[in-house]
Amino acid sequence: MSLVILIGLVALLHISVGSDTPCLNHGGICQYDSNTCSGNYISNLCSGSASRRCCVTSSDPCAAIGGVCQYDHLYCTGSYVTGKCSGGATNRCCTSHHIGGTSNSICDNIQVVSRDTWGARGPTHITPLNHPVHLFFVHHTDGHTCHSEGECAGVLQGVQNYHMDSRGYNDIGYSFLIGQDGRVYEGRGWGVVGAHTLHYNSLGYAVSFMGNFMNSLPSEESRNAAKALAQCGVSKGYIEGDYSLYGHRDVGNTDCPGDSLYAEIRTWTKYNYTHSATIH
Ligand SMILES: [Zn+2]
(Lines give C-alpha, C1' and ligand atoms only; values in the text may rest on other atoms or scores of the structure.)
Protein backbone atom coordinates (compact mmCIF):
# COMPACT_ATOMS: atom_id res chain seq x y z
CA MET A 1 0.00 0.00 0.00
CA SER A 2 1.44 3.31 -0.98
CA LEU A 3 1.78 6.11 1.49
CA VAL A 4 -0.55 8.31 -0.58
CA ILE A 5 -3.36 5.77 -0.37
CA LEU A 6 -2.81 5.33 3.37
CA ILE A 7 -3.03 9.08 3.99
CA GLY A 8 -6.14 9.24 1.86
CA LEU A 9 -7.73 6.42 3.84
CA VAL A 10 -6.95 8.11 7.18
CA ALA A 11 -8.43 11.38 5.90
CA LEU A 12 -11.55 9.60 4.70
CA LEU A 13 -11.98 7.86 8.05
CA HIS A 14 -11.55 11.14 9.82
CA ILE A 15 -14.24 12.79 7.74
CA SER A 16 -16.70 9.95 8.00
CA VAL A 17 -16.33 9.45 11.75
CA GLY A 18 -16.14 13.12 12.68
CA SER A 19 -17.38 14.15 16.08
CA ASP A 20 -20.70 14.79 17.80
CA THR A 21 -18.97 16.48 20.70
CA PRO A 22 -20.01 20.06 19.77
CA CYS A 23 -23.66 18.98 19.93
CA LEU A 24 -23.20 17.15 23.21
CA ASN A 25 -21.56 20.27 24.60
CA HIS A 26 -24.74 22.15 23.75
CA GLY A 27 -26.76 19.60 25.67
CA GLY A 28 -28.19 18.15 22.49
CA ILE A 29 -28.37 14.85 20.65
CA CYS A 30 -27.32 14.26 17.04
CA GLN A 31 -30.04 12.72 14.93
CA TYR A 32 -31.45 12.92 11.42
CA ASP A 33 -33.68 15.95 11.28
CA SER A 34 -36.51 13.96 9.77
CA ASN A 35 -37.00 12.76 13.36
CA THR A 36 -39.09 14.75 15.80
CA CYS A 37 -37.15 17.05 18.12
CA SER A 38 -39.03 18.37 21.14
CA GLY A 39 -36.72 21.39 21.17
CA ASN A 40 -34.79 23.02 18.35
CA TYR A 41 -32.42 21.71 15.69
CA ILE A 42 -29.03 23.39 15.45
CA SER A 43 -26.94 22.93 12.30
CA ASN A 44 -23.22 22.23 11.98
CA LEU A 45 -22.77 20.57 15.37
CA CYS A 46 -22.95 16.96 14.21
CA SER A 47 -20.81 14.74 12.05
CA GLY A 48 -22.05 13.09 8.91
CA SER A 49 -24.56 14.46 6.44
CA ALA A 50 -26.09 17.93 6.66
CA SER A 51 -29.45 16.41 7.62
CA ARG A 52 -27.89 14.97 10.76
CA ARG A 53 -28.41 17.85 13.17
CA CYS A 54 -28.27 18.64 16.85
CA CYS A 55 -31.60 18.44 18.69
CA VAL A 56 -31.44 20.68 21.78
CA THR A 57 -34.52 20.43 23.97
CA SER A 58 -33.89 23.46 26.14
CA SER A 59 -31.69 26.53 26.23
CA ASP A 60 -30.57 25.16 29.62
CA PRO A 61 -29.05 21.73 28.87
CA CYS A 62 -29.29 20.60 32.48
CA ALA A 63 -32.93 21.64 32.78
CA ALA A 64 -33.58 19.92 29.46
CA ILE A 65 -32.80 16.59 31.09
CA GLY A 66 -34.76 17.45 34.22
CA GLY A 67 -31.82 18.41 36.38
CA VAL A 68 -30.41 21.24 38.46
CA CYS A 69 -26.85 22.58 38.31
CA GLN A 70 -25.04 22.40 41.62
CA TYR A 71 -21.60 21.71 43.02
CA ASP A 72 -21.05 17.99 42.95
CA HIS A 73 -19.95 17.62 46.57
CA LEU A 74 -23.61 18.16 47.39
CA TYR A 75 -26.09 15.37 47.67
CA CYS A 76 -27.94 14.45 44.48
CA THR A 77 -30.99 12.23 44.68
CA GLY A 78 -30.36 10.96 41.15
CA SER A 79 -27.03 11.01 39.38
CA TYR A 80 -24.60 13.66 38.23
CA VAL A 81 -24.17 14.31 34.51
CA THR A 82 -21.05 16.09 33.30
CA GLY A 83 -21.01 18.73 30.56
CA LYS A 84 -24.46 20.21 31.16
CA CYS A 85 -23.58 23.15 33.39
CA SER A 86 -21.51 26.28 32.97
CA GLY A 87 -18.72 27.26 35.34
CA GLY A 88 -16.14 24.97 36.85
CA ALA A 89 -15.92 21.24 36.35
CA THR A 90 -17.43 20.60 39.77
CA ASN A 91 -20.64 22.45 38.88
CA ARG A 92 -22.59 19.53 37.47
CA CYS A 93 -26.10 18.57 36.58
CA CYS A 94 -27.99 16.60 39.23
CA THR A 95 -30.64 14.81 37.24
CA SER A 96 -33.38 14.08 39.69
CA HIS A 97 -33.13 16.75 42.31
CA HIS A 98 -36.65 16.99 43.63
CA ILE A 99 -37.99 15.26 40.60
CA GLY A 100 -39.01 12.12 42.34
CA GLY A 101 -35.79 10.23 42.84
CA THR A 102 -35.24 9.41 46.45
CA SER A 103 -33.63 6.03 45.89
CA ASN A 104 -30.20 7.15 47.05
CA SER A 105 -31.61 8.65 50.23
CA ILE A 106 -33.46 5.55 51.29
CA CYS A 107 -32.26 3.56 54.26
CA ASP A 108 -33.65 0.07 54.64
CA ASN A 109 -35.41 0.69 57.92
CA ILE A 110 -37.45 3.71 56.84
CA GLN A 111 -40.13 4.20 54.24
CA VAL A 112 -39.54 7.46 52.39
CA VAL A 113 -42.35 8.87 50.25
CA SER A 114 -40.97 11.04 47.45
CA ARG A 115 -42.23 14.48 46.55
CA ASP A 116 -43.64 13.20 43.28
CA THR A 117 -45.62 10.58 45.15
CA TRP A 118 -47.31 13.05 47.48
CA GLY A 119 -47.79 15.59 44.69
CA ALA A 120 -45.37 18.35 45.66
CA ARG A 121 -45.08 21.55 43.68
CA GLY A 122 -41.58 22.34 42.42
CA PRO A 123 -39.45 24.68 44.51
CA THR A 124 -39.06 28.26 43.26
CA HIS A 125 -35.44 28.25 44.36
CA ILE A 126 -32.95 25.80 45.86
CA THR A 127 -30.11 26.79 48.19
CA PRO A 128 -27.66 23.91 48.62
CA LEU A 129 -26.80 22.89 52.18
CA ASN A 130 -23.21 21.90 52.73
CA HIS A 131 -22.83 18.67 54.63
CA PRO A 132 -22.35 17.24 57.11
CA VAL A 133 -24.33 19.39 59.53
CA HIS A 134 -24.37 18.84 63.28
CA LEU A 135 -27.91 19.86 64.22
CA PHE A 136 -31.22 18.07 63.84
CA PHE A 137 -34.44 19.84 64.85
CA VAL A 138 -37.80 18.35 65.74
CA HIS A 139 -41.01 20.26 64.97
CA HIS A 140 -44.70 19.66 64.74
CA THR A 141 -46.83 21.28 62.05
CA ASP A 142 -49.46 22.34 64.61
CA GLY A 143 -52.06 21.40 62.02
CA HIS A 144 -53.83 18.35 60.64
CA THR A 145 -52.45 14.93 61.39
CA CYS A 146 -52.72 11.92 59.07
CA HIS A 147 -52.67 8.14 59.20
CA SER A 148 -52.21 6.93 55.63
CA GLU A 149 -50.21 7.85 52.54
CA GLY A 150 -53.26 9.30 50.81
CA GLU A 151 -54.38 11.31 53.81
CA CYS A 152 -50.83 12.55 54.44
CA ALA A 153 -50.46 13.65 50.81
CA GLY A 154 -53.38 16.03 51.27
CA VAL A 155 -51.95 17.40 54.52
CA LEU A 156 -48.54 17.89 52.90
CA GLN A 157 -50.01 19.78 49.98
CA GLY A 158 -51.81 22.05 52.42
CA VAL A 159 -48.61 22.72 54.39
CA GLN A 160 -46.67 23.38 51.20
CA ASN A 161 -49.31 25.77 49.84
CA TYR A 162 -49.36 27.63 53.15
CA HIS A 163 -45.57 27.93 53.26
CA MET A 164 -45.23 29.02 49.63
CA ASP A 165 -48.35 31.13 49.14
CA SER A 166 -48.91 32.68 52.57
CA ARG A 167 -45.43 32.81 54.01
CA GLY A 168 -43.52 33.32 50.78
CA TYR A 169 -41.10 30.42 51.19
CA ASN A 170 -39.43 28.81 48.17
CA ASP A 171 -40.86 25.44 49.08
CA ILE A 172 -42.35 23.53 51.99
CA GLY A 173 -40.17 24.61 54.91
CA TYR A 174 -39.15 21.33 56.51
CA SER A 175 -36.52 18.88 55.33
CA PHE A 176 -38.80 15.91 56.02
CA LEU A 177 -42.24 15.34 57.54
CA ILE A 178 -43.62 12.34 59.34
CA GLY A 179 -47.12 10.91 59.38
CA GLN A 180 -48.77 8.79 62.04
CA ASP A 181 -48.39 5.93 59.55
CA GLY A 182 -44.66 5.93 60.35
CA ARG A 183 -43.73 7.01 56.84
CA VAL A 184 -41.19 9.74 56.17
CA TYR A 185 -42.34 12.25 53.57
CA GLU A 186 -39.70 14.10 51.59
CA GLY A 187 -39.82 17.85 52.12
CA ARG A 188 -36.80 19.75 50.90
CA GLY A 189 -34.79 16.61 51.41
CA TRP A 190 -31.07 16.21 51.97
CA GLY A 191 -28.63 18.79 50.66
CA VAL A 192 -31.06 21.71 50.65
CA VAL A 193 -31.36 24.61 53.10
CA GLY A 194 -34.81 24.68 54.64
CA ALA A 195 -37.02 27.36 56.23
CA HIS A 196 -37.85 25.81 59.58
CA THR A 197 -35.71 27.07 62.44
CA LEU A 198 -34.84 30.77 62.37
CA HIS A 199 -31.06 31.38 62.52
CA TYR A 200 -30.33 27.65 62.21
CA ASN A 201 -31.53 26.76 58.74
CA SER A 202 -28.01 26.56 57.34
CA LEU A 203 -26.77 24.46 60.24
CA GLY A 204 -29.18 21.59 60.40
CA TYR A 205 -32.03 19.50 59.06
CA ALA A 206 -35.54 19.51 60.44
CA VAL A 207 -38.19 16.88 60.68
CA SER A 208 -41.77 17.85 61.42
CA PHE A 209 -44.44 15.58 62.82
CA MET A 210 -47.71 16.32 61.08
CA GLY A 211 -50.25 17.22 63.73
CA ASN A 212 -50.39 18.95 67.11
CA PHE A 213 -48.55 17.22 69.93
CA MET A 214 -49.19 19.51 72.87
CA ASN A 215 -51.31 16.95 74.73
CA SER A 216 -50.61 13.66 73.02
CA LEU A 217 -47.63 11.80 71.68
CA PRO A 218 -47.17 10.88 68.03
CA SER A 219 -47.31 7.14 67.34
CA GLU A 220 -44.41 4.94 68.25
CA GLU A 221 -43.86 4.11 64.56
CA SER A 222 -43.54 7.78 63.73
CA ARG A 223 -41.17 8.44 66.63
CA ASN A 224 -39.01 5.53 65.57
CA ALA A 225 -39.08 6.85 62.00
CA ALA A 226 -37.72 10.22 63.14
CA LYS A 227 -34.83 8.59 64.97
CA ALA A 228 -34.12 6.31 62.03
CA LEU A 229 -34.20 9.26 59.64
CA ALA A 230 -31.53 11.11 61.61
CA GLN A 231 -29.44 7.94 61.72
CA CYS A 232 -29.97 7.53 57.97
CA GLY A 233 -28.65 11.07 57.49
CA VAL A 234 -25.56 10.10 59.46
CA SER A 235 -25.02 6.92 57.46
CA LYS A 236 -25.35 8.83 54.18
CA GLY A 237 -22.94 11.54 55.29
CA TYR A 238 -25.37 14.45 55.57
CA ILE A 239 -25.27 14.64 59.36
CA GLU A 240 -22.25 14.33 61.62
CA GLY A 241 -22.10 11.21 63.75
CA ASP A 242 -21.98 13.26 66.94
CA TYR A 243 -24.90 15.47 65.97
CA SER A 244 -27.21 17.06 68.52
CA LEU A 245 -30.98 16.89 68.42
CA TYR A 246 -33.19 19.73 69.66
CA GLY A 247 -36.79 20.80 69.75
CA HIS A 248 -37.74 23.98 67.93
CA ARG A 249 -38.55 25.69 71.25
CA ASP A 250 -34.94 25.26 72.39
CA VAL A 251 -33.89 27.97 69.97
CA GLY A 252 -37.07 29.93 69.33
CA ASN A 253 -40.01 31.56 71.07
CA THR A 254 -42.51 28.84 70.24
CA ASP A 255 -44.46 25.93 71.73
CA CYS A 256 -43.20 23.73 68.90
CA PRO A 257 -42.96 20.71 68.86
CA GLY A 258 -45.70 20.60 71.53
CA ASP A 259 -45.37 19.80 75.26
CA SER A 260 -45.85 16.04 74.94
CA LEU A 261 -43.51 15.55 72.02
CA TYR A 262 -40.95 17.90 73.54
CA ALA A 263 -40.91 15.91 76.79
CA GLU A 264 -40.46 12.76 74.71
CA ILE A 265 -37.50 13.93 72.62
CA ARG A 266 -35.70 15.08 75.76
CA THR A 267 -35.35 11.39 76.61
CA TRP A 268 -33.70 10.57 73.28
CA THR A 269 -29.98 9.86 73.42
CA LYS A 270 -29.13 12.52 70.86
CA TYR A 271 -31.01 15.24 72.71
CA ASN A 272 -28.35 17.61 73.94
CA TYR A 273 -29.94 20.71 75.35
CA THR A 274 -27.93 22.70 77.84
CA HIS A 275 -28.63 26.28 76.88
CA SER A 276 -29.61 27.75 73.55
CA ALA A 277 -26.59 30.09 73.69
CA THR A 278 -24.37 27.06 73.34
CA ILE A 279 -26.07 25.87 70.19
CA HIS A 280 -24.12 27.06 67.23
ZN1 LIG B 1 -41.34 24.38 64.71
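In what follows, residues are counted from 1 in the order of the sequence shown. Each ligand, and each atom within it, is numbered from 1 in the order the structure gives.
The disulfide (SG to SG under 2.5 Å) search around Cys256 returns none, not counting sequence neighbours.
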Inset, instruction - Starting from the C-alpha separation in whole Å, work towards a yes-or-no answer on disulfide (SG to SG under 2.5 Å) for Cys69 and Cys85. - result: CA-CA 6 Å; Cys69 290; Cys85 299; 2.1 Å; yes
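Within His248, the N/O/S atom positioned nearest the Zn ion (ligand 1) carries the name ND1.
Using a cut-off of 2.8 Å, one finds that His140 contributes no N/O/S atom close to the Zn ion (ligand 1).
Comment: Arg121 does not engage Asp171 in a salt bridge, judged by the lack of any side-chain N to carboxylate O separation of less than 4.0 angstrom.
Follow the hydrophobic side-chain contacts under 4.5 Å out from Tyr200 and you never reach Tyr169; the two are in separate clusters.
Rounding to 10°, one obtains 110° for the angle at the Zn ion (ligand 1) between SG (Cys256) and ND1 (His139).
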